[in-house]
Amino acid sequence: MTQSAVVQYALEPMAVELRAIAVPEIGEADVLLRVGAVSVCGSDVHQAYNTHSWPVNLPVVLGHEFSGTVARTGKSVTGFHEGDRVVSETAAEVCGACMLCRTGRYNLCPQRKGFGYGINGAMASYVKVPARCLHAIPDTLPFELACLAEPHCVAYNSMCVNSTIRPGDTVVVLGPGPIGLLCARMAALAGADPLIVVGLTADAPRLETARLLGATHVVNAQRENVDEIVRGLSPLGADLVCDASGASRPLDVALALARPDGQVTKVGWSPDLVPINLNPLVQKNLRLQGSFSHNFPIWERVIHLLDRRLTRPEAIVGLTSPLEGWREAFAAMHEGRVIKSVLVP
Ligand SMILES: [Zn+2]
Ligand SMILES: [Zn+2]
């Protein structure tokens with residue numbers, strides 16, 4: 001049996017096409033998932049345009065943000081049955097034996113391979129998923145919103161686990177891409193106020209969305225002085241600066257905007273190596289934190305937040321299309337016409 005899938009086949013810009021591939025065979029501990037919806041991640045777009053900073057196992061089916069229905073279960077699978085509605089975590093392979101795996105931080109396992117770059121992903125009718133990756137979702141949560149759980153989990157980990165936010169904290173988010181906007185939303189839910197989202201002129205529509213998601217102030221860094229605005233609200237600087245820009249350079253700005261004894265959390269990354277003034281890190285006694293991926297308890301909380309629509313997930317979806325429309329779905333995100341595209345295979 002074959003199916004169509006969005007396949008990246010080379011490390012060149014737009015070496016991606018819709019291909020007929022076999023429906024995967026599953027192992028004893030896997031389920032075969034009928035994909036309900038798969039959202040396009042900034043990382044899928046980076047891979048398609050060959051601007052990513054991680055190794056890719058070619059050829060590979062793209063897509064790691066997905067929801068669906070269990071179509072078949074392997075022999076040893078318990079707890080999930082045919083017809084169950086689920087979302088899947090992204091750590092398709094982990095060693096299961098290292099200290100990080102054994103303490104529930106398997107997202108940081110050095111052997112980790114994720115869907116969509118290391119293992120075939122979900123931009124297809126069916127995807128093979130280890131049952132340990134699954135979370136049940138309520139009937140009240142449609143697939144088109146449930147697939148957004150993964151980027152929500154990235155934002156939750158960044159703002160609510162790896163950072164500390166108290167109500168009334170001044171929080172700055174650099175970069176209003178999908179992750180930056182969701183980080184802003186999580187900060188708003190955690191009580192950040194003022195909450196300042198910083199972008200560029202081309203980000204104008206995204207900055208408007210930031211307001212819908214709870215930003216008290218939005219700043220165009222090409223026309224306004226970010227430092228003045230932040231210090232006008234909080235003279236010592238921000239309690240927390242989240243760098244979700246997806247570039248390396250803005251770490252400089254983040255370190256400068258943080259108050260003494262404040263925090264900087266970096267969640268966006270790029271292949272660029274740039275010189276940065278690290279002295280404020282020491283001089284201001286800052287806590288610099290990276291944030292990567294997510295784990296089980298984060299997913300359970302995010303599914304609840306999504307089901308209650310507390311994160312206003314509809315605000316970030318600008319395009320929904322069948323799998324055949326993948327090219328426009330990617331281009332619309334690449335060109336900044338929509339924040340997030342969702343494919344319904
Ligand atoms: Zn993603
Ligand atoms: Zn491990």
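Note that ligands are numbered from 1 as they come in the structure, with each ligand's atoms numbered from 1 the same way. Quick caveat: nothing in here was measured; it's all calculated off a predicted structure.
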Taking the Zn ion (ligand 2) as the apex, SG on Cys109 and SG on Cys95 give an angle, to 10°, of 110°

Do any of the N/O/S atoms of Asp44, backbone or side chain, fall under 2.8 Å from the Zn ion (ligand 1)? no

With rounding to 10 degrees, what does the angle Cys101:SG / the Zn ion (ligand 2) / Cys98:SG come to? 110°

Does a donor on one side chain and an acceptor on the other come within less than 3.5 Å for Thr265 and Gln289? no

Honestly curious: do Leu200 and Val218 fall in one hydrophobic cluster under the side-chain, below-4.5 Å linking rule? no

Between Lys284 and Asp261, does any NZ, NE, NH1 or NH2 come within less than 4.0 Å of an OD or OE carboxylate oxygen? no

Using the benzene-type ring in the case of Trp, are the ring centres of His135 and Phe296 under 6.0 Å apart? yes

Take atom CD of Glu335 as the centre, draw a 6.0 Å sphere, and report whether it contains more than 12 heavy atoms from other residues, nucleotides or ligands. yes

Out of the N/O/S atoms in Glu65, what is the name of the one closest to the Zn ion (ligand 1)? OE2

Geometry at the Zn ion (ligand 1) - Cys41 SG versus Glu150 OE1 angle, rounded to 10 degrees: 170°

